[in-house]
Structures are given as structure tokens and as C-alpha cells.
There are 2 protein chains.
Amino acid sequence: MRLSTRGKYGLYAMHYLAQHEHEGPQSLSRIASVGIPKQYLEQLLGSLRRNGLIHSVRGANGGYQIAKPSEEITVLDILDAMEGPLALSDCIADDRCCAKATKCRVRHTWERLTVNINRELASVSLKDML
Amino acid sequence: MRLSTRGKYGLYAMHYLAQHEHEGPQSLSRIASVGIPKQYLEQLLGSLRRNGLIHSVRGANGGYQIAKPSEEITVLDILDAMEGPLALSDCIADDRCCAKATKCRVRHTWERLTVNINRELASVSLKDML
DNA sequence: CGATACCATAGTAATCTGGTCGGGTATCAG
DNA sequence: CTGATACCCGACCAGATTACTATGGTATCG
């Protein structure tokens with residue numbers, strides 16, 4: 001169970017944007033300078049934007065900014081945006097999968113663990129990372 | 001960030017074996033009856049065995065048994081065996097990756113989260129799942 | 001109007017996933 | 001001893017995902 005580079009890059013990018021929270025829009029090139037391939041990062045920022053975590057300014061002198069104060073953005077928000085929600089294969093995401101769902105102890109266990117892990121991820125904000 | 005079927009099947013299989021802890025070796029076919037493709041499961045049981053979570057008995061009337069009492073086997077043990085350890089891409093697993101490692105706040109954050117998530121996974125034993 | 005910089009889609013090589021297949025080897029029953 | 005049972009192991013394979021790259025478009029500033 002490992003985090004993809006999408007998640008890693010997402011965290012790096014958001015960390016950079018939080019550092020420059022009040023300095024106006026930061027261009028793609030600036031953000032990429034922390035060590036992320038530019039064109040790939042462009043896609044990732046698109047995901048972050050569509051999930052409401054950042055907003056963008058087009059045109060010359062444009063760039064990206066975080067959409068909320070850094071203490072209101074959590075690691076969970078970022079990872080969910082970059083990799084989709086934490087789930088046990090398709091089973092937990094889809095209620096119908098396990099016919100004997102209510103009797104499925106494994107599933108029940110995994111649901112509890114998922115809640116706890118998500119709480120853990122939600123307990124760290126961007127601001128905490130600075 | 002989702003768990004693969006390897007992890008799911010691993011949990012199912014270990015749960016089955018824990019249920020039949022003192023009933024002698026359980027054959028591959030028996031275990032597979034919970035809904036896992038037989039030949040695929042055979043591979044997965046190999047991983048569990050090489051990680052010391054189960055042991056096998058060859059020959060007629062052979063099969064698999066858990067190698068330790070069910071209260072000594074945790075969900076973390078099983079997921080680590082099936083999917084490898086939780087890591088942030090290759091960065092956390094490999095100390096040399098991040099040149100400015102000590103200054104890398106993102107990495108530090110992720111290390112703390114990893115420890116907490118692992119603790120969470122280690123807090124549930126097979127016995128708890130029964 | 002043209003340089004800057006975001007937006008969107010498509011392609012792509014490498015890797016991973018979720019299997020299947022075939023041929024071993026160990027053990028027990030008769 | 002022999003055959004049936006059942007684990008062991010490596011190879012193979014189609015399809016999905018990952019991590020990019022490429023190209024062309026659109027908005028905005030000066």
C-alpha cells in the first residue's frame with residue numbers, strides 16, 4: 001500500500017503554495033521548481049483546482065493560489081483530490097459488492113480502520129506542515 | 001489510495017484460517033471457496049507463508065494453517081505481506097532520495113502520519129475480526 | 001498584438017494487477 | 001510401490017494504471 005507520485009507531488013505543490021499564501025499567484029514554473037516535471041504538474045494542479053483546493057489566474061502574471069486559508073486544508077483533502085478516496089478494492093466503495101455485507105466481519109473491520117485512517121489524515125493541515 | 005485485491009484476498013484468507021485455527025490444515029480449495037480464484041490465491045498464500053504468517057503441510061490431506069495464535073497476527077502484518085510496507089512513493093522508503101531530507105517538512109509530516117497509520121493497522125488482530 | 005501562462009486532450013512507454021497455465025515435489029492411503 | 005491429493009514455483013498474458021510528453025487552444029496583461 002503505497003502513495004503514488006501524484007499524492008507526493010500534490011503535497012509538495014500545496015506546501016509550496018501555502019508558503020507563498022499572500023504573495024499573489026504563483027506560476028506553474030515556480031511551483032515545478034521544487035522538483036516536479038512541469039507538464040505533469042499542470043495536470044495535477046487541474047485536479048486540485050477541480051476539487052476546490054486552489055484557484056487559478058489565467059493570462060500573463062497568472063498562476064495558482066490556495067483557495068482557502070492553509071489551516072482549512074488538510075492532508076486528507078489533498079490525497080483525496082489526487083488519488084481518490086481510500087477504499088478496500090471496490091468492495092467498500094460499493095455497498096452491493098458483498099452480498100453478505102452485514103455478516104462480513106472483514107468488511108466491518110476495514111470500514112472502522114478506514115474511518116480512523118481518514119481521521120488521522122484529516123488531523124494534519126497545510127499550516128501544520130509549515 | 002486504495003487497497004488492491006491482494007490485500008483484500010489476504011484478509012479474507014487469513015480470516016478463514018483463523019476461524020478454523022484448531023481444525024488441522026485447510027486446503028487451498030476450501031479457502032478459495034470464500035470467493036477467491038484458486039490459482040491466484042495459491043500465489044498469495046505463498047507470500048503469506050514466506051512472511052511467516054502461515055505454514056503449509058504438503059501432500060494428501062495437506063493445507064494451510066496460521067503460524068501463530070490469531071491474537072498475535074495483526075491487519076498490518078497481513079497488508080505488509082501482501083502489498084509491501086506503506087510508503088510515500090519511493091521517497092520515504094529510501095533515505096537518500098530527498099537531498100534536503102532533514103529540511104523537508106512534507107517528508108517529516110508523512111513520516112509521522114505513516115507511523116500513526118501503521119499503529120492503527122497494528123491495533124487490530126485477527127482474533128478481533130472473529 | 002504578442003508574450004505569458006493556464007486549459008484540455010491525446011499519446012506512450014513502463015510498470016502493476018489480476019489473473020491463468022504447466023510442470024514440478026512432498027505426502028498419505030491402500 | 002504407486003497413485004491420488006495437494007502444495008510449490010516460474011512463466012506468461014491481457015488489461016489497467018502511472019508518470020510522463022506533445023500539441024494546440026484560450027485568457028489576460030502590457
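Every value quoted in this text rests on a predicted model; they were computed, and no experiment measured them.
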Colleague: Below 3.5 Å, does any donor atom in the side chain of B:Glu42 face an acceptor in the base of D:dC7, or the other way round?
Modeller: no
Colleague: Rounded to whole Å, how long is the line connecting atom NE2 of A:His55 with atom P of C:dA5?
Modeller: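 It works out to 18 Å between those atoms.
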Colleague: Answer yes or no: are there more than 12 heavy-atom neighbours, outside A:Lys68 itself, under 6.0 Å from its atom NZ?
Modeller: yes
Colleague: How many whole angstroms separate atom NZ of B:Lys38 from atom P of C:dT20?
Modeller: 11 Å
Colleague: Between B:Ser27 and D:dA6, does any side-chain N or O lie under 4.0 Å from OP1 or OP2?
Modeller: no
Colleague: Rounding to an integer number of Å, can you tell me how far B:Met82 CE sits from C:dT17 C1'?
Modeller: 12 Å
Colleague: Is A:Thr5 close enough to D:dA19 that one of its side-chain N or O atoms is under 4.0 Å from OP1 or OP2 there?
Modeller: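 So the side chain of A:Thr5 is within the cut-off, an N or O lying under 4.0 Å from OP1 or OP2 of D:dA19.
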Colleague: Using a cut-off of 4.0 Å on non-hydrogen atoms, how would the nucleic acid contact of B:Gly63 be classed: base, sugar-phosphate, or nothing?
Modeller: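 Sugar-phosphate contact only - B:Gly63 comes under 4.0 Å of backbone atoms but never of a base.
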Colleague: Without swapping roles, check the side chain of A:Gln26 against the backbone of A:Gly24 for a donor-acceptor pair under 3.5 Å.
Modeller: yes
Colleague: Measure from the side-chain N and O atoms of B:Asp80 to the backbone N and O of B:Asp77, and report whether any donor-acceptor pair falls under 3.5 Å.
Modeller: no
Colleague: Please report, rounded to the nearest Å, how far the P atom of D:dT18 is from the CG atom of A:Leu44.
Modeller: 12 Å
Colleague: Which nucleotide wins on minimum distance to the side chain of B:Ser56, given the candidates C:dG18, D:dC7, D:dA22?
Modeller: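 In terms of side-chain proximity for B:Ser56, the closest of C:dG18, D:dC7, D:dA22 is D:dC7.
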Colleague: Side chains of A:Gln19 and A:Ser70: closer than 4.5 Å at any heavy-atom pair?
Modeller: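 Heavy-atom side-chain distance check fails, nothing below 4.5 Å.
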Colleague: Please report the distance, rounded to the nearest Å, between OH in B:Tyr9 and C1' in C:dT20.
Modeller: 14 Å
Colleague: Say whether, by atom type as modelled, one donor and one acceptor occur between the side chain of A:Glu120 and the main chain of B:Ile117 under 3.5 angstrom.
Modeller: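 No.
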Colleague: For D:dC9, does either OP1 or OP2 sit under 4.0 Å from a side-chain N or O belonging to B:Arg50?
Modeller: yes
Colleague: C:dC6 P sits how many Å from A:Leu17 CG, rounded?
Modeller: 11 Å
Colleague: Say whether, by atom type as modelled, one donor and one acceptor occur between the side chain of B:Thr5 and the main chain of B:Lys8 under 3.5 angstrom.
Modeller: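 No: the side chain of B:Thr5 does not pair with the backbone of B:Lys8.
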Colleague: Roughly, in whole Å, what's the span from CD in B:Gln26 to C1' in D:dC7?
Modeller: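 Taking CD of B:Gln26 and C1' of D:dC7, I get 15 Å after rounding.
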Colleague: Can you measure A:Ile36 atom CD1 to D:dT18 atom C1' for me and round it to whole angstrom units?
Modeller: 16 Å
Colleague: Using only side-chain N and O atoms of B:Tyr40, determine if any of them is under 4.0 Å from OP1 or OP2 of D:dC12.
Modeller: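 The answer is no; no side-chain N or O of B:Tyr40 sits under 4.0 Å from OP1 or OP2.
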Colleague: Dump the pairs, protein N or O against N or O of nucleotides 27-29 of chain D, anything under 3.5 Å, distances to one decimal.
Modeller:
residue : atom : partner : partner atom : Å
D:dA27  : O4'  : A:Arg58 : NE           : 3.4
D:dT28  : O2   : A:Ala60 : N            : 3.3

Colleague: Please evaluate the base of D:dT21 for a donor-acceptor partner in the side chain of A:Gln43 within a cut-off of under 3.5 Å?
Modeller: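 Such a pair exists between side chain and base.
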Colleague: Name the residue closer to the 5' end of DNA chain C, choosing between A:Ser29 and B:Gln39 according to the nucleotide with the nearest heavy atom.
Modeller: A:Ser29
Colleague: Salt-bridge test for B:Arg107 and B:Glu111: reply yes if a basic N is under 4.0 Å from a carboxylate O, no otherwise.
Modeller: yes
Colleague: Heavy atoms under 4.0 Å, any strand shown: does B:Arg30 hit a base, just sugar-phosphate, or nothing?
Modeller: nothing
Colleague: Any donor and acceptor pair, going by atom type alone, linking the side chain of B:Arg6 with main-chain N or O of B:Met82 inside 3.5 Å?
Modeller: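 Yes, the answer is positive, given that a donor and an acceptor are paired below the 3.5 Å cut-off.
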Colleague: Which listed nucleotide (C:dA8, D:dA19, D:dC7) is nearest to the side chain of A:Arg6?
Modeller: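 Closest nucleotide to the A:Arg6 side chain: D:dA19.
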